[in-house]
J.: 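I have a structure I would like to understand better, so I am pasting it below and will then ask my questions one at a time.
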2 protein chains.
Amino acid sequence: MAFEFERLQDTSDSKARLGRLHTPHGVIQTPTFMPVGTQATVKTLSPEEVKAAKSQIILANTYHLYLRPGHELVKKAGGLHQFMNWQGPILTDSGGFQVFSLGALRKITEEGVLFRSHLDGSKHLFTPESVMAIENALGADIIMAFDECTPADADEAYARQSMERTHRWLKRCAAAHENEGQALFGIVQGGMFPDLRLESIHRTLEVDLPGYAIGGLSVGEPNEVMYDMLDRTADELPKDKPRYLMGVGNPDNLVEGVGYGIDMFDCVQATRIARHGAFWTPFGRENIRNAKNEDDFSPLQEGCQCYACQHYSRAYIRHLVQAKEVFGIRLLSVHNIYYLNQLMEDLREALRDDRYQAFRARFFDQYSV
Amino acid sequence: MAFEFERLQDTSDSKARLGRLHTPHGVIQTPTFMPVGTQATVKTLSPEEVKAAKSQIILANTYHLYLRPGHELVKKAGGLHQFMNWQGPILTDSGGFQVFSLGALRKITEEGVLFRSHLDGSKHLFTPESVMAIENALGADIIMAFDECTPADADEAYARQSMERTHRWLKRCAAAHENEGQALFGIVQGGMFPDLRLESIHRTLEVDLPGYAIGGLSVGEPNEVMYDMLDRTADELPKDKPRYLMGVGNPDNLVEGVGYGIDMFDCVQATRIARHGAFWTPFGRENIRNAKNEDDFSPLQEGCQCYACQHYSRAYIRHLVQAKEVFGIRLLSVHNIYYLNQLMEDLREALRDDRYQAFRARFFDQYSV
């Protein structure tokens with residue numbers, strides 16, 4: 001059972017499902033959130049801290065690791081797990097999102113994407129085949145197919161063309177993927193057009209894979225548009241395969257996403273907002289710089305069991321952030337990751353008791369978006 | 001036995017001594033190195049990491065904490081130990097070195113030092129009395145008297161004037177110090193003039209205190225001048241009181257300092273050089289950015305038991321530093337602090353066996369200054 005998804009329980013009041021994902025580096029309870037370790041490190045944190053914050057799996061970025069330190073070096077180190085000392089499961093994205101984000105610095109052809117490095121301007125070509133070779137070298141448990149992340153404002157003609165290319169690329173990825181120990185996931189695109197997304201799903205499913213992802217959402221469109229897409233399409237993905245909503249998101253997105261039948265999420269927000277002094281509580285997002293925290297000796301979140309809340313006050317963390325001390329960012333990052341992982345754990349418990357809607361209602365009752 | 005120094009053993013081949021310093025927050029084996037936590041945090045590290053790197057006591061800076069977050073806030077938090085979650089001993093300096101480093105931004109009078117904050121330009125006055133009130137509020141185990149740190153290039157007339165003022169201020173500090181639970185240390189000055197330093201020692205000893213420090217060294221003078229000063233004066237300090245050499249230093253300075261009879265050292269180098277990618281090994285100082293480390297999968301230092309060396313390769317740490325990832329600085333900081341603490345532990349073992357000179361010879365045989 002190197003890689004297998006067990007669907008443990010469905011819910012009667014939503015499309016949410018409780019599951020268990022077996023990987024070569026351990027079992028993941030789903031639905032789950034994956035912290036992002038772009039450059040083979042979850043920003044500012046040690047692997048032990050990421051794990052203590054209840055993370056089950058982390059994500060790393062193929063584009064960044066290909067450019068620096070290079071996938072061959074990581075392979076020589078014994079793969080990503082060994083290189084970065086993370087013994088749990090890892091997922092690598094395909095670089096698709098990153099190279100398309102380069103804008104004027106990249107050119108898309110049927111062959112692949114020619115792009116310039118954001119580091120030194122050097123020219124590189126990503127093809128489905130080269131990306132598979134890179135992801136095989138990195139050695140993550142789950143690897144993503146090379147896709148084109150269709151922009152939120154793409155018209156229907158472009159969204160179709162882009163979606164069709166993504167499917168041709170998926171077939172090339174599946175043919176090029178050389179390591180059976182790594183689970184390849186396909187990616188559904190289709191822009192903001194429900195019919196295209198449904199078509200994308202059916203064509204993606206032509207390639208039988210251990211898991212499928214929904215890409216091209218949370219790319220600038222309003223939450224309502226994303227939810228509408230998910231509502232109309234997510235449950236069309238196979239019930240017995242894990243479903244991964246890429247690059248999403250905030251706490252409210254996670255709660256909603258689970259209700260549409262999503263099993264996996266990733267987002268940089270937990271560590272990114274920490275670098276700006278921000279953190280989540282059940283009441284929404286706050287900023288530690290706020291003057292009211294100056295002499296507040298209570299934790300970031302009452303009752304939270306994370307390392308930051310167990311040992312440090314808002315007053316101390318505010319001091320660290322004001323003084324530009326890294327340890328302040330570390331404490332906020334730990335809290336934010338723990339917060340999302342605890343939210344998912346609470347969600348899983350609600351699914352076990354078949355009370356998703358009650359959980360959702362209570363969450364939005366407290367949480368200010 | 002709230003505060004007491006036990007002189008356990010002298011050495012026959014040097015002025016080095018083995019001791020034990022009892023403080024309200026625990027026992028410190030001497031000679032010892034104290035990592036610096038300027039703003040109530042040892043830069044980038046958690047208290048647990050500082051402790052795991054074998055630190056017995058840390059230093060915090062009165063000047064910085066007075067300006068931000070303010071000593072009254074720290075007092076309200078329950079003192080520095082509680083505020084920053086460090087349960088071991090703490091020493092606070094007096095701000096003397098910092099305000100004198102402000103140059104044109106400060107004015108010295110008999111009353112004290114008028115200075116402008118480096119943060120916002122606001123005006124402040126430090127007097128022996130106000131500094132004692134601040135250090136009492138911060139609540140460290142050891143607090144330093146307010147002194148004038150004489151510049152390395154001061155002429156004899158100025159060095160005398162400055163030294164005499166420091167002694168008048170020491171008497172005011174002793175009179176103003178209000179918390180018996182905190183041990184006040186006096187500071188010897190005298191510039192680069194051995195006779196002035198000897199006079200300073202005798203006048204400092206007029207105030208009976210639980211410990212004495214040597215200030216105004218390692219302020220720009222060559223190592224040889226510092227060693228000459230220490231050789232001529234350090235052992236004139238009472239044998240049964242701890243001797244603290246302020247702001248020193250590098251590994252070679254520590255090995256030499258112990259031989260002159262110093263028991264305590266502090267320095268920001270361990271964390272500062274880490275921020276520049278540098279680290280120490282028994283062979284000297286290296287930089288992780290060096291191309292030879294690119295595919296070196298060995299640890300920073302073979303055989304080192306620190307967290308960084310136990311789990312990460314030079315190749316990984318180099319990648320993190322090149323990619324400007326904080327975790328790289330953390331790993332180098334952990335290693336550097338551990339390195340100095342282990343060096344002191346090894347030195348203590350050598351003193352126990354009365355083989356200081358053999359230890360020193362072997363150290364300098366390997367170490368390139």
Side-chain angles (χ1 to χ4, degrees), chain A residues 37-50 52 61 64-65 67-70 72-78 80 82-87 119 271 275 293-297 307-308 310-331 333-334, chain B residues 37-50 52 61 64-65 67-70 72-78 80 82-87 119 271 275 293-297 307-308 310-331 333-334:
Chain A
T38 297
Q39 305 193 104
T41 170
V42 176
K43 283 196 189 303
T44 79
L45 301 183
S46 71
E48 290 82 359
E49 286 164 334
V50 173
N61 289 112
H64 291 87
L65 294 174
L67 289 180
R68 185 173 59 193
E72 291 299 345
L73 184 85
V74 174
K75 186 179 183 178
K76 214 169 147 187
L80 208 40
Q82 176 76 10
F83 185 57
M84 69 181 292
N85 188 35
W86 170 263
Q87 300 312 325
L119 297 175
T271 47
R275 292 197 293 284
N293 295 314
E294 187 170 355
D295 61 351
D296 185 343
F297 299 107
Y307 169 75
Q310 289 295 299
H311 297 292
Y312 303 92
S313 64
R314 287 176 172 232
Y316 179 63
I317 299 172
R318 179 177 189 274
H319 160 63
L320 294 177
V321 169
Q322 296 286 70
K324 298 188 172 49
E325 287 285 0
V326 164
F327 192 46
I329 299 171
R330 282 180 60 183
L331 292 174
S333 296
V334 159
Chain B
T38 298
Q39 304 192 104
T41 170
V42 175
K43 285 198 187 300
T44 80
L45 302 182
S46 71
E48 289 82 0
E49 287 164 334
V50 173
N61 289 112
H64 291 87
L65 294 174
L67 287 180
R68 186 172 59 191
E72 290 298 346
L73 184 84
V74 174
K75 186 179 183 178
K76 211 168 149 188
L80 208 39
Q82 175 76 10
F83 185 57
M84 69 181 290
N85 187 35
W86 170 264
Q87 300 312 325
L119 297 175
T271 47
R275 292 197 294 282
N293 294 316
E294 187 171 354
D295 60 351
D296 185 343
F297 298 108
Y307 170 74
Q310 289 295 300
H311 299 290
Y312 303 92
S313 65
R314 286 174 173 234
Y316 179 62
I317 299 173
R318 180 177 189 274
H319 160 64
L320 293 178
V321 169
Q322 296 286 70
K324 298 187 172 51
E325 287 285 0
V326 164
F327 192 46
I329 299 171
R330 282 180 58 184
L331 291 174
S333 297
V334 160

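As a basis for the values below, the full set of heavy atoms in this structure was taken, side chains included, without hydrogen atoms, waters or symmetry mates. In what follows, every chain begins at residue 1, and chains take the letters A, B, ... in the order their sequences are listed.
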J.: Might you point out which heavy atoms bring A:Val326 and B:Val326 nearest each other, and give the distance in Å?
T.: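 Looking at all heavy atoms of both residues, the closest pair is CG1-CG1, 3.4 Å.
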J.: Could you tell me the separation between the CG atom of B:Asn85 and the CZ atom of A:Phe327, rounded to the nearest 0.5 Å?
T.: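 Between atom CG of B:Asn85 and atom CZ of A:Phe327 there are 7.5 Å.
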J.: Are any non-hydrogen side-chain atoms of B:Leu73 and A:Phe297 less than 4.5 angstrom apart?
T.: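 The answer is yes; the side chains approach within 4.5 Å.
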J.: Report the residues that fulfil ring-ring contact (aromatic ring centres under 6.0 Å, His included) with A:Phe83, sequence neighbours left out, ordered by chain and then residue number.
T.: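 In terms of ring-ring contact (aromatic ring centres under 6.0 Å, His included), with neighbours along the sequence ignored, A:Phe83 is linked to B:Tyr316, B:His319.
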J.: If we define contacts as heavy-atom pairs under 4.5 Å, which of B:Ala315, B:Ser46, B:Pro47 has the most with chain A?
T.: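 Between B:Ala315, B:Ser46, B:Pro47, the count favours B:Ser46.
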J.: Which bit of A:Arg330 is near chain B, if near means a heavy-atom gap under 4.5 Å: side chain, backbone, both or neither?
T.: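 For A:Arg330, side-chain heavy atoms alone lie under 4.5 Å from chain B.
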J.: Relative to chain B, which segment of A:Leu67 carries a heavy atom at a distance below 4.5 Å: side chain, backbone, both, or neither?
T.: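 Nothing of A:Leu67, per the 4.5 Å heavy-atom cut-off to chain B.
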J.: Out of B:Gln322, B:Glu294, B:Met84, B:His64, which one racks up the most heavy-atom pairs below 4.5 Å with chain A?
T.: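 Heavy-atom pair counts peak at B:Met84.
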J.: Is the shortest heavy-atom distance from the side chain of B:Tyr307 to the side chain of A:Glu48 under 4.5 Å?
T.: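 Heavy-atom side-chain distance check passes, below 4.5 Å.
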J.: A:Glu49 versus chain B, heavy atoms under 4.5 Å apart: side chain, backbone, both or neither?
T.: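 For A:Glu49, the side chain is the part near chain B, not the backbone.
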J.: Spell out, as yes or no, whether a donor-acceptor pair under 3.5 Å connects the side chain of B:Gln39 to the backbone of A:Ala323.
T.: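 Pair found, side chain donor or acceptor close to backbone of A:Ala323.
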J.: For the interface with chain B, which of A:Gly70, A:Gly78, A:Ala40 has the highest count of heavy-atom pairs at distances below 4.5 Å?
T.: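 Looking at each of A:Gly70, A:Gly78, A:Ala40 in turn, A:Ala40 comes out on top.
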J.: Which residue out of A:Leu45, A:Val42, A:Leu320 racks up the most heavy-atom pairs below 4.5 Å with chain B?
T.: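 The candidate making the most pairs under 4.5 Å is A:Leu45.
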J.: Going by the rule side chain to side chain donor-acceptor pair (under 3.5 Å), which residues pair with A:Arg275 if we only count those two or more places apart in sequence or in a different chain?
T.: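 With sequence neighbours excluded, A:Arg275 shows a side chain to side chain donor-acceptor pair (under 3.5 Å) to no residue whatsoever.
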J.: Given the options A:Lys43, A:Arg68, A:His311, which has more heavy-atom pairs under 4.5 Å with chain B than any of the others?
T.: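 Of the candidates given, the most pairs with chain B belong to A:Arg68.
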J.: Could you tell me the separation between the CG atom of B:Asp295 and the CD atom of A:Glu72, rounded to the nearest 0.5 Å?
T.: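 With rounding to 0.5 Å, CG (B:Asp295) is 12.0 Å from CD (A:Glu72).
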